[in-house]
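Each remark here refers to the structure printed beneath this line.
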Amino acid sequence: MAAPNFRAPKGTRDIFPPESTRLRALIDEFAVVAARSGFGEVISPIFEDLGVFRRLGESTDVVTKEMFDFFDKGTPPQRLALRPELTASICRAYAEHRPVPPWKVWYEGPQFRYEQPQAGRYRQFTQVGVEVLGTDDPQADVDVIVLAAGFFESLGLRQVELALNSLGSSGHQGSRVAYEQALRSYLVAHANDLSAQSQVTLERNPLRVLDSKRSQDREVIAGAPVMVDYLDAESAAHFSAVRAGLEAVGVAYEISPRLVRGLDYYTRTTFEFAAPGLTGAQNAVGGGGRFDGLVEALGGPATAGIGFALGVDRILLACDAEGVFDTPFCGVDVFVVDVTGGTEALKVCTDLRQAGIAADRGYGGRSMKAQMKLANRSGADFAVIIGEDELRSGEVTLRHLGDGTQQRVARAALVNQLGKKRAL
RNA sequence: GUGGGCGUAGCUCAGUUGGUUAGAGCGCCUGGUUGUGGUCCAGGAGGUCGGGGGUUCGAGUCCCCUCGUUCACCCCA
């Protein structure tokens with residue numbers, strides 16, 4: 001392969017049609033589903049003060065080693081970072097502007113993590129998500145989960161599995177603290193049977209050990225105390241209300257007592273969507289939970305929050321695996337072939353486009369044969385052909401590219417004709 | 001950050017134990033007479049074999065480094 005001077009940076013890629021069309025369609029579908037549940041879109045900056053993301057927790061990899069951070073040109077320079085996720089940005093926006101709760105927002109866009117790329121894992125990736133701030137009503141949790149499940153369904157995905165857990169309340173009196181202590185002492189007692197990596201993880205955050213996929217750790221983890229047994233009364237009630245809500249609307253789920261999400265801010269409800277159709281280890285297509293302390297950690301008022309983020313790139317892979325959500329058509333309706341110099345194509349295309357008909361034409365005054373090839377490739381149903389004859393008589397030839405039939409049509413009647421044919 | 005696989009035309013790939021001007025299919029371009037695509041036929045363009053260094057009379061083929069990619073760990077979407 002020739003060696004171009006530049007390539008897309010590691011872990012990033014260029015997305016061309018028709019894949020880009022499909023990605024856009026997926027985001028559009030999400031926008032429709034979210035709006036239907038009363039969510040409005042928030043467009044926040046792609047970079048933030050590094051401190052915003054520091055609040056995600058100093059024991060998370062996302063914060064400690066995966067941040068794309070840099071200094072701006074101010075005096076003194078400000079330390080900024082490309083967003084590794086959007087929940088923190090949304091909470092910062094809430095703390096800054098104090099919208100009236102409950103604040104229901106959805107978002108979409110690129111996020112950045114300096115990781116080792118892999119199938120379904122990029123340094124720049126796209127997520128869609130929602131957050132509800134300002135209520136800890138368990139039915140908000142349910143609404144949010146049902147929204148995600150409904151979105152998967154609207155794409156045609158059938159095999160997405162929902163795993164549910166509660167991490168209990170955080171804070172000094174919270175049940176999470178009691179559980180962490182119990183878990184830590186259990187794991188410490190069995191440390192000799194854990195893998196070396198898990199022993200390191202244990203120091204940092206015992207909860208994360210539950211996430212280990214190493215076979216060596218399996219036995220110890222299986223015997224570990226379970227969060228659900230340590231829930232305080234309030235958290236337990238919240239959890240069973242969420243479960244009751246899911247059952248009321250018929251959304252299937254599985255309690256997954258070892259589901260630990262990677263970001264430290266999660267409290268109480270946590271959940272994850274997995275697509276078993278995806279090969280490899282990257283089969284989580286989305287996840288979320290409560291982050292009741294995050295707004296406060298960012299300097300805002302004590303505010304409950306619940307939300308999720310879905311990985312667009314992985315969802316598309318899951319759609320491929322199930323053979324659903326086909327790439328939408330991304331061609332034009334009509335292709336104009338002009339062998340009289342091109343000015344007629346210019347005029348006809350302009351007329352068609354003004355009438356709302358997608359039209360394209362060839363450039364460079366190529367032969368009719370070459371232009372017909374372009375017409376064929378464009379995906380258009382019709383070719384409008386303009387030669388010297390048509391030019392003289394004020395007509396065009398309208399050719400149906402499917403069956404090859406064609407007819408002469410007066411120039412003035414073209415838009416009308418096409419409108420009628422397209423309606424068929 | 002750690003380990004394994006891979007890296008030949010735009011795409012998917014062949015390239016014998018290192019040996020003459022590096023190939024195929026698809027795609028692209030131009031033709032197949034006088035204005036017509038999608039099928040068919042014939043031509044053509046396009047590669048310093050990811051990049052750099054080394055071994056050798058000679059390397060796409062061997063060695064080292066590097067970059068990218070892929071799989072796994074880690075982590076997460």
Side-chain angles (χ1 to χ4, degrees), chain A residues 1-13 16 56 59-66 84-87 109-129 148 195-198 200-201 204-205 208-209 211-217 259-263 272-275 278-288 308-318 335 337-340 362 364 366-391 397-406:
Chain A
M1 187 183 300
N5 287 325
F6 299 104
R7 301 192 222 183
K10 181 170 181 161
T12 69
R13 64 222 153 109
F16 291 173
L56 298 177
S59 73
T60 65
D61 284 3
V62 168
V63 171
T64 55
K65 50 185 192 194
E66 295 175 1
E85 58 121 59
L86 264 152
T87 303
Q111 287 147 71
F112 308 85
R113 260 118 97 156
Y114 193 84
E115 294 186 275
Q116 208 52 240
Q118 208 175 311
R121 191 170 77 179
Y122 306 96
R123 287 185 173 182
Q124 174 176 335
F125 58 101
T126 304
Q127 286 187 335
V128 295
S195 63
Q197 283 148 312
S198 285
V200 174
T201 307
R204 207 166 34 119
N205 185 342
R208 201 69 49 66
V209 175
D211 242 355
S212 165
K213 295 179 193 100
R214 290 172 288 271
S215 54
Q216 192 190 338
D217 299 328
L259 174 62
V260 180
R261 310 265 321 136
L263 299 163
E272 194 167 286
F273 293 96
L278 292 188
T279 55
Q282 315 301 325
N283 68 349
V285 292
F308 65 70
L310 311 179
V312 169
D313 311 296
R314 286 187 195 170
I315 291 173
L316 254 14
L317 291 175
F335 195 94
V337 172
D338 175 6
V339 289
T340 69
R366 296 223 264 154
S367 71
M368 172 166 286
K369 179 177 176 130
Q371 290 189 52
M372 284 303 293
K373 284 186 83 141
L374 296 179
N376 187 57
R377 209 183 302 156
S378 74
D381 287 331
F382 294 97
V384 167
I385 301 167
I386 304 164
E388 296 299 339
D389 282 5
E390 288 88 344
L391 189 55
T397 293
L398 182 57
R399 181 179 176 87
H400 184 81
L401 291 169
D403 58 26
T405 57
Q406 62 184 46

Is any N or O donor-acceptor pair between the side chain of [X] and the base of [N] shorter than 3.5 Å?
X: Q118(A); N: A77(B); result: no
X: R121(A); N: C75(B); result: yes
X: N376(A); N: G37(B); result: yes
X: Q406(A); N: U36(B); result: yes

Original post:
Listed by chain and number, what are the salt bridge (charged side-chain N to carboxylate O under 4.0 Å, His left out) partners of E85(A), not counting sequence neighbours?
Top reply: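 E85(A): no salt bridge (charged side-chain N to carboxylate O under 4.0 Å, His left out) contacts found.
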
Taking only residues two or more places apart in sequence, or in another chain, which ones meet R121(A) in a salt bridge (charged side-chain N to carboxylate O under 4.0 Å, His left out)?
->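 R121(A): salt bridge (charged side-chain N to carboxylate O under 4.0 Å, His left out) contacts with E115(A).
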
Taking pairs as Watson-Crick (N1-N3 plus N6-O4 or O6-N4) or G-U wobble (N1-O2 and O6-N3), each distance under 3.5 Å, the stems of three or more consecutive pairs with RNA chain B are B:1-7 with B:67-73, B:10-13 with B:23-26, B:28-32 with B:40-44, B:50-54 with B:62-66

Can you tell me, in whole Å, how much space there is between the [atom1] of [N] and that of [M]?
N: U8(B); M: C49(B); atom1: P; result: 11 Å
N: U21(B); M: U17(B); atom1: C1'; result: 24 Å
N: G19(B); M: C13(B); atom1: C1'; result: 24 Å
N: G23(B); M: A45(B); atom1: P; result: 13 Å
N: U30(B); M: U39(B); atom1: P; result: 16 Å
N: C28(B); M: A72(B); atom1: C1'; result: 39 Å
N: G51(B); M: G10(B); atom1: P; result: 13 Å
N: C65(B); M: G3(B); atom1: P; result: 11 Å

Rounding to an integer number of Å, can you tell me how far [X] [atom1] sits from [N] [atom2]?
X: K10(A); N: G1(B); atom1: NZ; atom2: P; value: 7 Å
X: D313(A); N: A77(B); atom1: CG; atom2: P; value: 13 Å
X: L86(A); N: C76(B); atom1: CG; atom2: C1'; value: 15 Å
X: L259(A); N: A77(B); atom1: CG; atom2: P; value: 10 Å
X: R113(A); N: C76(B); atom1: CZ; atom2: P; value: 8 Å
X: F335(A); N: G38(B); atom1: CZ; atom2: P; value: 14 Å
X: R7(A); N: C67(B); atom1: CZ; atom2: P; value: 11 Å
X: Q127(A); N: C76(B); atom1: CD; atom2: P; value: 13 Å

The ring-ring contact (aromatic ring centres under 6.0 Å, His included) partners of F308(A) (sequence neighbours excluded) come to none

If you assign each of R123(A) and A8(A) to its closest nucleotide in RNA chain B, which residue comes earlier from the 5' end?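 Nearer the 5' end of the strand: A8(A).
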
- Are a donor atom and an acceptor atom from the side chains of E388(A) and T340(A) found within less than 3.5 Å of each other? no

Does any N or O in the side chain of R314(A) come within less than 3.5 Å of the main-chain N or O of G120(A), such that one atom is a donor and the other an acceptor?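 Here the side-chain-to-backbone pair exists.
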
For L316(A), the side chain to side chain contact (heavy atoms under 4.5 Å, CB included) test, sequence neighbours excluded, returns R22(A), L23(A), L26(A), V312(A), F325(A)

Hits for side chain to side chain contact (heavy atoms under 4.5 Å, CB included) against K369(A), two or more places apart or cross-chain, chain-then-number order -> S367(A)

side-chain hydrogen bond (donor to acceptor under 3.5 Å, both in side chains) filter on R113(A), not counting sequence neighbours, yields none

- Would you please name every residue forming a side-chain hydrogen bond (donor to acceptor under 3.5 Å, both in side chains) with Q124(A), sequence neighbours left out?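 side-chain hydrogen bond (donor to acceptor under 3.5 Å, both in side chains) list for Q124(A), sorted by chain: empty.
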
Worksheet item: Step by step, would you call R13(A) with D313(A) a side-chain contact (heavy atoms from CB on, under 4.5 Å)?
Response: CA-CA 12 Å; R13(A) 64 222 153 109; D313(A) 311 296; 2.6 Å; yes

> Taking the six-membered ring of Y114(A) as reference, does the NZ or CZ atom of R123(A) fall below 6.0 Å from its centre and within a 45° cone about the axis?
Replying inline: yes

request  = Calculate, to the nearest 0.5 Å, the distance between atoms CG and CZ belonging to N283(A) and F273(A) respectively.
outcome  =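 Nearest 0.5 Å value for the CG-CZ distance: 13.5 Å.
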
B/S/- along nucleotides 27-35 of chain B (protein heavy atoms under 4.0 Å) is -SSS-B--B

Collect all protein-nucleotide pairs involving nucleotides 3-5 of chain B in which both atoms are nitrogen or oxygen and the distance is under 3.5 Å.
none

Atom pairs and distances, side-chain donor-acceptor, residues 370-379 of chain A, under 3.5 Å, sequence neighbours left out:
unit_1	atom_1	unit_2	atom_2	d
Q371(A)	OE1	D338(A)	N	2.9
Q371(A)	NE2	D338(A)	O	3.0
Q371(A)	NE2	R366(A)	O	2.8
S378(A)	OG	A375(A)	O	2.7
S378(A)	OG	A380(A)	N	3.1

Sugar-phosphate, base or nothing in reach of [X], heavy atoms under 4.0 Å:
X: G129(A); result: nothing
X: Y122(A); result: base
X: G364(A); result: nothing

